[in-house]
Amino acid sequence: MSTILPIRHQPPLPLDRLIRRDAPGPEAIEMDVLIVGAGPAGLACAIELARLVKREQERGGAVADLNIGVLEKAASLGEHNLSGAVVNPRAFRELFPDLDPSEFPFRQPVPAEAVYFLGERRAQRIPTPPTMHNSGFYTASICEIVRWLGERAEAMGVNLFAGFPVDSLLVDGNAVRGVRTTASGLDRTGRPGAEYTEPTDLTARITVVAEGTRGALGQAWREWQQVQSANPQLFALGVKEVWEVKRPLDAVIHTLGWPLPNDAFGGSFFYPLGPSQVALGLVVGLDYHDANLDVHELLQRLKLHPLFRRHLEGGQLLEWGAKTIPEGGYYALPSRRSGDGVLFVGDTVGFVDVPSLKGIHYAMQSGIYAARAAFQALTSGDTSGAALAPYDIMVDESYIVADMRRTRNMRLAFKDGLYVGGVKAGLMTVTGGRFPGRRITMDEDAKTRRTVSATRPLTPDGTLTFGKLDAVFKSGNATRDTIPSHLIVGRDVTAEVAAFYSHVCPAGVYEQQGDELRVNPANCIDCKATDVLGPRWTPREGGSGPQYRSM
Ligand SMILES: Cc1cc2nc3c(=O)[nH]c(=O)nc-3n(C[C@H](O)[C@H](O)[C@H](O)COP(=O)(O)OP(=O)(O)OC[C@H]3O[C@@H](n4cnc5c(N)ncnc54)[C@H](O)[C@@H]3O)c2cc1C
Ligand code: SF4
């Protein structure tokens, strides 16, 4: 049986493009604070910063208005955000102390919860692990959360620039001085076409990078500044669907087991979104061993299980999407998340607690801390790394790191398979994270060897199960076909590696055609899975990609 070692075929990060030493152009737009990414982390940061300025001015402090800008690659806010989601409202309460939780943009309180261990036809209910309790939390659509936060930010005077992806960080010495956006209107060969718009430079006293999972800018900055972490970051891919259903769901459900092989880490979620909609998804760690494992296809199989089927049959698929999740946990946190003129918040840092599948409130909370550190630095007139370092201290002393420390080895224990991992995770829960008394070391996902085996593809029926092209259509992706490729493919891609990429990518961007790899860049929905295991993803023309509405 042949094997594939993904790292061998992966091209290096295009550091010279992502970190640019060019001086900003003469037309550069000047801002005080620039935030890259309008997700929960970036928008919470913008709102808290605007609020701190207002509060200080109301107290009579001599603080001038701040020019705060948020740059988002999606054409409209929320279109590139995807989550489960069950939300812990803690960070919402901190950001909006005057609002009642019923005013938050949630669909409904968590009614009840259940965890099942699945076989192909069976569903065995198991006790809910303490890390997975969701009582007091709410189900929500992150697209709706982001649109709601965006409205609040705008009402507080924050400038939102949707459709402006950041291509590079502009640096001077060790300091980040601003950003350059991507060009748009390039033709397939990368030359300016009739609709060409050149990149825009924006300068800022502080840049806050809130670009989400597997962020290209964060990766580049850490490599450039040689910022280390104890373990490399690990990732999972989540593929998700939203359905209109006739039979509502009355509990938050998680499953383990089938259809995942025992040596893959992951599980499914099934959440009620009000009386007639449900969200379901499958999350699989990208350190799986089978080269043919295909998360999109596994999700299609999952829907055939009676547990899901009885709710979905007679219903309608409304939306489909996918995204990676940083899963490395505590030991994968970078040793610092601040530097000269720059702060990193949310998923780009890896503030996700995997056993509870929670990241939204950590992302928002890190954005709030970044705003506080930025405000202090701006009012003292010093935006150096030393002046911004209090952000790291605030995060380290907060519940973000405390929660992640408690579950520090849980995801890592599953590198030995589901059963051994399950037993170890139980011991870790009982001992508050102290078992096994040391860090479990991990390699990055691309260093896990994959075995090529025979495939048994599922034929989609078009009503309950769907192929990748129909799925991409349901993501709302309407990227123009003539776009130049934003994906950097390594050189020695064999037919087997091409087939591997075609399984990794949930959106059908890669196809094996004989010995060749065919790339359909317009299909890309920015999930970043192949950036983890193969071809590099780079920022592209604004407004490309999915157009999620209720993910
Ligand atoms: C399948 C799945 C299920 C999940 N379930 C839950 C759950 O139930 N509960 C929970 O709390 N968490 C859950 N999470 C995790 C949670 O969604 C994330 O932790 C959270 O969204 C992170 O917020 P963020 O603002 O850091 O990143 P994001 O929400 O990803 O936002 C980043 C933003 O930056 C933009 N961006 C990226 N690059 C650029 C660029 N170069 N220029 C301009 N803009 C850019 C993106 O378009 C995006 O809008 C889940 C995640 C997934 C994938
Ligand atoms: S090519 Fe795009 S859609 Fe496919 S895995 Fe990579 S980032 Fe995801």
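Each ligand, and each atom within it, is numbered from 1 in the order the structure gives. These numbers come from a predicted model, not from an experiment. Heavy-atom basis, side chains included; hydrogens, waters and symmetry copies ignored.
Residue I142 approaches ligand 1 through these ligand atoms, each under 4.0 Å from one of its heavy atoms: 21 (O). Counting the atoms of ligand 1 from 1 in the order shown, those under 4.0 Å from a heavy atom of G39 are 25 (O), 31 (O), 33 (C). Close approach of ligand 1 to E211 (heavy-atom distance below 4.0 Å) involves ligand atoms 32 (C), 34 (O), 36 (N), 37 (C), 38 (N).
By the 3.5 Å distance cut-off applied to N or O atoms, A85 is not counted among the residues near ligand 1. Polar contact check, P539 against ligand 1: no nitrogen or oxygen pair lies under 3.5 Å apart. Polar contact with ligand 1: present for S83 (N/O pair, distance under 3.5 Å). At under 3.5 Å, a nitrogen or oxygen of I360, whether backbone or side chain, sits near a nitrogen or oxygen of ligand 1. Polar contact check, F351 against ligand 1: no nitrogen or oxygen pair lies under 3.5 Å apart. Of the polar atoms of G346, none of the N or O atoms is found under 3.5 Å from an N or O of ligand 1, judged by distance alone. Considering backbone and side-chain atoms alike, N81 places an N or O below 3.5 Å from some N or O of ligand 1. At least one N or O atom of V166, backbone or side chain, sits closer than 3.5 Å to an N or O atom of ligand 1.
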*asked:* As a quick check of understanding, evaluate salt bridge (Lys or Arg N to Asp or Glu O under 4.0 Å) for E48 and R152, giving each step before the final call.
replied: CA-CA 11 Å; E48 175 71 358; R152 258 130 205 99; over 6 Å; no
*For H361 and Y399, run side chain to side chain donor-acceptor pair (under 3.5 Å): C-alpha distance rounded to whole Å, both residues' side-chain angles, the deciding distance at 0.1 Å, then the answer.*
CA-CA 11 Å; H361 65 296; Y399 71 88; 5.0 Å; no
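Remark: minimum distance from atom 34 (O) of ligand 1 to any protein heavy atom is reached at G37 CA, 3.2 Å. Among all protein heavy atoms, the one lying closest to atom 9 (N) of ligand 1 is V86 O, 2.8 Å. Here the protein heavy atom with the shortest distance to atom 5 (N) of ligand 1 is G84 N, 3.0 Å. Among protein heavy atoms, the minimum distance from atom 27 (O) of ligand 1 is reached at G212 CA, 3.4 Å. Among all non-hydrogen protein atoms, the one lying nearest atom 26 (O) of ligand 1 is D347 N, 2.8 Å. Looking only at heavy atoms of the protein, atom 3 (S) of ligand 2 is closest to I525 N, 3.4 Å. Ranking the protein heavy atoms by distance from atom 10 (C) of ligand 1 puts G359 N, 3.3 Å first. Ranking protein heavy atoms by distance to atom 25 (O) of ligand 1, first place goes to A41 N, 3.0 Å. The protein non-hydrogen atom at the shortest distance from atom 30 (O) of ligand 1 is K323 NZ, 3.0 Å.
For atom 6 (Fe) of ligand 2, the neighbouring protein N/O/S atoms at less than 2.8 Å, given as residue and atom, are T530 OG1.
Between atom 23 (O) of ligand 1 and the options A140, G350, G215, P40, the minimum heavy-atom separation is to P40.
Between V227 and P334 the shortest heavy-atom distance is CG1-CB, 3.9 Å. In terms of heavy-atom proximity, L333 sits nearest to V349 at CD2-O, 3.9 Å. Between I483 and E541, the closest heavy-atom pair is CD1-CB, 3.9 Å.
Side-chain atoms of D403 and Y362 form a donor-acceptor pair, as typed in the model, at a separation below 3.5 Å. T181 and D167 share no side-chain donor-acceptor pair at under 3.5 Å. Residues T131 and S356 have side chains that never bring a donor and an acceptor to within less than 3.5 angstrom of each other. Defined by atom type and a distance below 3.5 Å, a donor-acceptor pair is present between the side-chain atoms of S550 and E319.
Taking the centre of each ring, Y138 and F106 come in below the 6.0 Å mark. Centroid-to-centroid, the aromatic rings of F270 and W243 stay 6.0 Å apart or farther. Under the 6.0 Å cut-off for aromatic ring centres, F466 and W320 do not qualify, their centroids lying 6.0 Å or more apart. Aromatic pair F104/F92: centroids less than 6.0 angstrom apart.
When non-hydrogen atoms are compared, ligand 1 lies under 4.0 Å from the side chain of A363 (C-beta onward) but not from its backbone. Residue T348 does not touch ligand 1, judged by heavy-atom distances below 4.0 Å. The part of A210 lying near ligand 1 is the backbone, judged by heavy-atom distances below 4.0 Å. For I325, every heavy-atom contact with ligand 1 shorter than 4.0 Å involves the side chain, none the backbone. Contact annotation: for V352 versus ligand 1, heavy atoms closer than 4.0 Å belong to the side chain alone.
Not a single heavy atom of G281 sits under 4.0 Å from any atom of ligand 1. By the 4.0 Å heavy-atom criterion, E72 is counted among the residues contacting ligand 1. Ligand 1 lies out of reach of V87, whose nearest heavy atom is not under 4.0 Å from it.
A salt bridge does not link K474 to E241: none of the charged nitrogens lies less than 4.0 Å from a carboxylate oxygen. Between R337 and D392, at least one side-chain N (NZ, or NE/NH1/NH2) sits under 4.0 Å from a carboxylate O, which counts as a salt bridge. Ion pair K73/D526 flagged as a salt bridge, since at least one NZ, NE, NH1 or NH2 atom sits closer than 4.0 Å to an Asp/Glu carboxylate oxygen.
Expressed to the nearest 0.5 Å, how far CG of L217 lies from CG of L169 amounts to 4.5 Å.
A cation-pi arrangement is not found for R222 relative to W224, the charged atom failing to lie both closer than 6.0 Å to the ring centre and inside a 45° cone about the ring normal. Remark: R450 is positioned above the aromatic ring of Y288, its terminal NZ or CZ atom under 6.0 angstrom from the ring centre and at most 45 degrees off the axis.
Taking the six-membered ring where the residue is Trp, W221 and F344 present tilted rings, their angle falling between 30° and 60°.
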